[in-house]
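Below is one structure, written out as structure tokens; comments come after it.
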Amino acid sequence: MNLRALVGHRESAAPAVAGECRALVEGLWEPTWLVDGRSLRVLAVNDAALALLGRHRDEVLEQPAEAVLDTPEDMAFWAVAQQPGADTALLSRTLVPRPGGGTLHLERRIHRLQGPGAPDAYLVSLRDLTPERQALEERDTLIAELRATLESTADGLLVTDLQGRIRAFNRRFAQMWQLPEALATGDDEAIYAWMLDAAAEPEAYLRQLEAVERGVLVPATDRFKLRSGRVVERVVLTQWSRGRPLGRVWSFRDLSERLAADQRIETLATTDPLTGVPNRRQLTERVATALIEVQRQRGRIALLLLDVDRFKQINDSLGQGMGDRVLAEVCSRIRTCLRDGDVVGRVGGDQFAMLIHHAGAEAAEHAARRILRATEAPYEIEGAQFTLTCSIGVALFPEAADTAHDLLRRAETAMQAAKADGRAGFRFHRTGSQDDEVRKRVRLDHAMRQVLARDGFRLHYQPQVDLSTGRVVGTEALIRWRDPTHGDISPADFIPVAEASGFIVQIGDWVLSQAVRQAASWYAAGRAMPVSVNVSALQFQQADFATRVSRLLAEHRLPPALLELELTESILVRDAAEALERLEALAALGVQLAIDDFGTGYSSLAYLKRFPLDALKIDRRFVRGLPGDESDAAIVRAIVQMAHALGLRVVAEGVELEAQRGFLAGLGCHTYQGFLFAPALDAQALWEVIEPEKALPAA
Ligand SMILES: Nc1nc2c(ncn2[C@@H]2O[C@@H]3COP(=O)(O)O[C@H]4[C@@H](O)[C@H](n5cnc6c(=O)[nH]c(N)nc65)O[C@@H]4COP(=O)(O)O[C@H]3[C@H]2O)c(=O)[nH]1
């Protein structure tokens, strides 16, 4: 409907026009009224205006214009409206009381209708801004609430659009990434570069990021480490609006404390707080894991259970604090006796369990003896000096049991048996056949002691022959034991028993003095014939070993160069620093030092260079396959080359065939010994080989 056209009629037919104007105003959506231009009285007003302002039609119709809206601004407008040059229009916002309470935010427009045919009237219309204002206020509140939520979370949050442009991040994010103040308002690239630089492994970080970006809409979670050492979990979620992805929310959570706490809980749950070693629970688990592994490889393990004898007395007499110190010391001594990979755990008040890998009866026995020796050495704690003993029970897998729980129980029973046996010792958990074996070893050990006491051992000497000249240039002393009933007993059988029981020290002493005496007597007879003597680890470890050697040489007036000591590789590896000291003392005496059974142990160039050695003996296991076995040939060739490079003499053992001799000579090996030339002979027979013309002088 055309307002102007309609209102234009009023001039010609005033009452009809007033009615039309009213109808026109009534028909408008907006709250509107019409004010007569001359009288400034309200001509017409629509229901929308009356409802909004809470007025009744009769209150305003024909009334002065300000009867509808009486704000100061409106009143001022109408007051001067008749004056020449006065404003003909007004547009502004205003506040009026809402009928029934509250305030209305209005935009009011007064507009004088002008132009040909237009009635002389003012059209006043209102726009209710209240809902818009409310929406704005609500949005501001919502934003404030969201911001507060963003800031109140413990996670670092970063909001980006789909192109990765940063839209917002919270303070925690800036803290977590240690974002400098200047960067916080910096450009996106600088922030991203900073983040990349803060990652402990930038390459991996980038790869993870790319993976996240590829899967735009898929929620992703990953973890990475910062250079500060902190571990961060990242969760990426897509932001949606009306079914369309808008961007992503990256939340970063610092897991370091949680992981450390988990670790602490795990440690508390699995370790013994006093000694720091695994507790019973963890030890049992470790045994169970080892069993699975060992079963697969058909291997063996030994479980030793140690109980400190009469620990209650220690606790009662020295106090519980000291008792704890003693247990800690016992534990640390046990640890020194174990190899890497073996495990000690505290499984009870004064009980420790040791898991020994790859150990059969012999190795377990060695370990038990080592541990007993270590724990029985004198203690000095806070000025108190004392000694203690321990009892050990040994259970072997697969003989004794095949579960961790049973193995522990068997070790415990064996430990109880050791206690019942008088303490300060060890016992195996026994099956019948093991019993037999141990009985045999005990008998052998006993017999050995008696043989030594009545001087029943003999030494034989195996000639060592120069490969280039064919002359005998040395001998190896080998112990012999002939039992009246059992005949010859091989050193390969009784030496390990003597080593396990410690009796090897006495046997070794005897061999050494016997060999020195023999070499001295050959020397006195005009034959400088070097003698090599096997030295066991335990013997070598005696603190006064070098002194004893020196005393023997002096006593028999043997030039030190005529005595060679054969040591096994394990001696050098076990306690390298101490071994070096002892070897240097021996080298200083002038005796020769050789590594026996070279290649079977822990061959390492490092120790060959470090120790003052003179010779290497190639183990006869490598000589056996010569010259046909390629791997033996390669090993022997490598050993000879290495010895040449280090300026060491090489002696090949166990040469039985001419072809072996020829091969070794071809390689430049210096000497050999073996049945090809002669087995170990008694001194008389050897003399006949080396000095057929001369009679043997008495040893
Ligand atoms: N198949 C074969 N064997 C040969 C040949 N030539 C020599 N043999 C044997 O090889 C062994 C060499 O001694 P070993 O490697 O030091 O190995 C020795 C050594 O480890 C130990 N042993 C012997 N006597 C002593 C000793 O006085 N003290 C110490 N600590 N250990 C000793 O007992 C091991 C065995 O000694 P034995 O039975 O005397 O065995 C000796 C010797 O008789 C050969 O051509 N073929």
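What you are looking at is a predicted structure, and each value in this text was computed from that prediction instead of being measured. In each ligand, atom 1 is the first atom listed, and ligand 1 is the first ligand listed. One is the number of the first residue; the rest follow in order along the sequence. Note that these values count all heavy atoms, side chains included, but never hydrogens, waters or copies made by symmetry.
Residue Pro491 has no N or O atom closer than 3.5 Å to an N or O atom of ligand 1.
Every heavy atom of His460 sits 4.0 Å or more from the atoms of ligand 1. Using a non-hydrogen distance threshold of 4.0 Å, Ala680 does not register as a contact of ligand 1.
For atom 23 (C) of ligand 1, the nearest non-hydrogen atom from the set Leu478, Leu459, Leu676, Leu657 comes from Leu478. Across Asn534, Val535, Thr568, Val533, heavy-atom proximity to atom 32 (C) of ligand 1 is greatest for Asn534.
Numbered from 1 in the order shown, with element, the atoms of ligand 1 that lie under 4.0 Å from a heavy atom of Gly674 read 6 (N), 45 (O). Atoms of ligand 1 lying under 4.0 Å from any heavy atom of Ser536, numbered from 1 in the order shown and given with element: 30 (N). In the vicinity of Asp596, heavy-atom distances shorter than 4.0 Å reach the ligand 1 atoms 16 (O). Of all atoms in ligand 1, listed by their number and element, those nearer than 4.0 Å to a heavy atom of Glu476 are 13 (O), 16 (O).
The minimum heavy-atom distance linking Val511 with Val533 is given by the pair CG1-CG1, 3.8 Å. Heavy-atom minimum distance, Ala543 versus Arg582: CA-NH2, 3.9 Å. The two atoms that bring Cys390 and Thr375 nearest to each other are SG-OG1, 3.7 Å, heavy atoms only. Heavy-atom minimum distance, Leu304 versus Ala364: CD2-O, 4.2 Å.
At least one donor-acceptor pair closer than 3.5 Å links the side chain of His644 to the backbone N or O of Gly668. Asp544 places no side-chain N or O within 3.5 Å of a backbone atom of Thr547 that could act as its donor or acceptor partner.
The nearest protein atom to atom 45 (O) of ligand 1, hydrogens excluded, is given as Phe675 N, 2.8 Å; this is a heavy-atom distance. Distance from atom 3 (N) of ligand 1 to its nearest protein heavy atom, with residue and atom name: Arg620 NE, 3.3 Å. Closest to atom 2 (C) of ligand 1 among all protein heavy atoms lies Glu656 OE2, 3.3 Å. Among all protein heavy atoms, the one lying closest to atom 15 (O) of ligand 1 is Asp597 OD1, 3.5 Å.
Distance check on atom 20 (O) of ligand 1: every protein heavy atom falls at or beyond the 4.0 Å cut-off. For atom 17 (O) of ligand 1, the nearest protein heavy atom lies 4.0 Å away or farther. Within the 4.0 angstrom cut-off, atom 41 (C) of ligand 1 has one or more protein heavy-atom neighbours.
Taking the charged nitrogens against the carboxylate oxygens, Asp614 and Arg649 have no contact shorter than 4.0 Å, which rules out a salt bridge.
Contacts between Gln462 and ligand 1, counted as non-hydrogen atom pairs separated by less than 4.0 Å, involve the side chain only. Looking at Ile479 against ligand 1, both its backbone and its side chain come within 4.0 Å, counting heavy atoms. Residue contacts with ligand 1 for Arg480 involve side-chain atoms from C-beta outward but no N, CA, C or O (heavy atoms, distance under 4.0 Å).
By the neighbour-count criterion of 12 heavy atoms within 6.0 Å, atom OH of Tyr523 is sparsely surrounded, having that number or fewer from other residues, nucleotides or ligands. Dense packing is recorded around CD of Glu658, with more than 12 heavy atoms of other residues, nucleotides or ligands lying under 6.0 Å away. Environment of CZ in Arg449: crowded, with over 12 heavy atoms of neighbouring residues, nucleotides or ligands closer than 6.0 Å.
You'll find the ring centres of Tyr461 and Trp522 inside the 6.0 Å limit. Ring centers of Phe663 and Tyr672: at least 6.0 Å apart, outside the cut-off.
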